[in-house]
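What follows is a single structure, written as structure tokens, with notes after it.
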Amino acid sequence: AQKITQTQPGMFVQEKEAVTLDCTYDTSDQSYGLFWYKQPSSGEMIFLIYQGSYDEQNATEGRYSLNFQKARKSANLVISASQLGDSAMYFCAMCTFNAGGTSYGKLTFGQGTILTVHP
Amino acid sequence: DSGVTQTPKHLITATGQRVTLRCSPRSGDLSVYWYQQSLDQGLQFLIQYYNGEERAKGNILERFSAQQFPDLHSELNLSSLELGDSALYFCASSFTSGGTDTQYFGPGTRLTVL
């Protein structure tokens, strides 16, 4: 079974500062993918960034980067130069392949972290 | 805009009733996933269809069922509704059958059961 843990229920950051949102995962599968999604107050789920378990470099997408530490099973999201529009709930999620190579499409989500950006 | 559409946006109904939620995936995507988001359970995977076939099942109640049609749109049917079924229901789509393929989410259908 897969498990995602986000230990920060809420985080605060000053506009233009960087912030790190924590995510740890647990799986016995060797192949997996890690995702971050943003959910603003309007409710939609917006894909931000993806990291594959075999990717050697940390993923980056604009102001978002994923600090992937495989040995520690952590996949923290770093948002640089925070903006007021970054205030939202952020979810870490994982999808895995089993040993037989069959892909499991389902995403397992953490409980989320509410980020508030102060002006 | 993810390209995934869901209707209706809001649905208010009474206990014991039956409702149908509809989802159209992004153009070219073959997989459709359904998720339920509630305050107590968080985001939970319900079911996945790939090119018309059921591919994976999660914590989906027997009162719930889904299907994917030849044009790849999908419907989630919820019957004998209970207060606890009130939640935000998301549909997501991806090109392949899953794994590490990114899933793009629709705007969700907010179901309120009174």
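Below, chain A is the first sequence line, B the second, and so on; all start at residue 1. These values consider heavy atoms only, across backbone and side chains, with no hydrogens, waters or symmetry-generated copies.
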Original post:
Under a 4.5 Å heavy-atom cut-off, does chain B meet the side chain of Gln39(A), its backbone, both or neither?
Top reply: side chain

Subject >> Residue Arg110(B) excluded, over 12 heavy atoms near CZ under 6.0 Å >> reply: no

Original post:
Should we say atom CG of Leu39(B) is surrounded by more than 12 heavy atoms from elsewhere, each under 6.0 Å from it?
Top reply: no

Subject >> Region of Ser2(B) in contact with chain A, defined by heavy-atom distances below 4.5 Å >> reply: neither

Original post:
Got Tyr35(B) and Leu107(A) here, is their nearest side-chain heavy-atom distance under 4.5 Å?
Top reply: yes

**OP:** Please answer: with hydrophobic residues joined when any side-chain heavy atoms are less than 4.5 Å apart, are Phe69(B) and Tyr33(B) in the same cluster?
**Re:** no

**OP:** Using non-hydrogen atoms and a 4.5 Å limit, figure out which bit of Leu88(B) sits close to chain A: side chain, backbone, both or neither.
**Re:** side chain

**OP:** Taking all heavy atoms of Asp101(B) and all of Phe35(A), pick out the closest pair and write down the distance.
**Re:** O-CZ, 4.1 Å

Original post:
Taking all atoms of both residues into account, what is the closest heavy-atom pair of Gln103(B) and Tyr37(A), and its distance?
Top reply: O-OH, 2.5 Å

**OP:** Compare all side-chain heavy atoms of Tyr104(B) with those of Phe47(A) and state whether any distance is below 4.5 angstrom.
**Re:** yes

**OP:** Kindly give the heavy-atom pair with the smallest separation between Phe91(A) and Gln37(B), and that separation in Å.
**Re:** CZ-NE2, 3.5 Å

Original post:
If you group Ile, Leu, Val, Met, Phe, Trp and Tyr by side-chain heavy-atom gaps below 4.5 Å, do Val4(B) and Phe109(A) land in one group?
Top reply: yes

Subject >> Lys70(A) atom NZ, over 12 foreign heavy atoms within 6.0 Å >> reply: yes

Original post:
If you round to the nearest 0.5 Å, how far is CE of Met45(A) from CZ of Phe105(B)?
Top reply: 5.0 Å

Original post:
Gln111(A) and Gln41(B): which non-hydrogen atoms are nearest, and at how many Å?
Top reply: OE1-O, 4.4 Å

**OP:** Look at the side-chain heavy atoms of Ile, Leu, Val, Met, Phe, Trp and Tyr, link any pair under 4.5 Å apart, and say whether Leu61(B) and Leu11(B) land in one connected group.
**Re:** yes

Original post:
Going only through I, L, V, M, F, W and Y residues with side-chain contacts under 4.5 Å, is there a path from Ile60(B) to Tyr50(B)?
Top reply: no

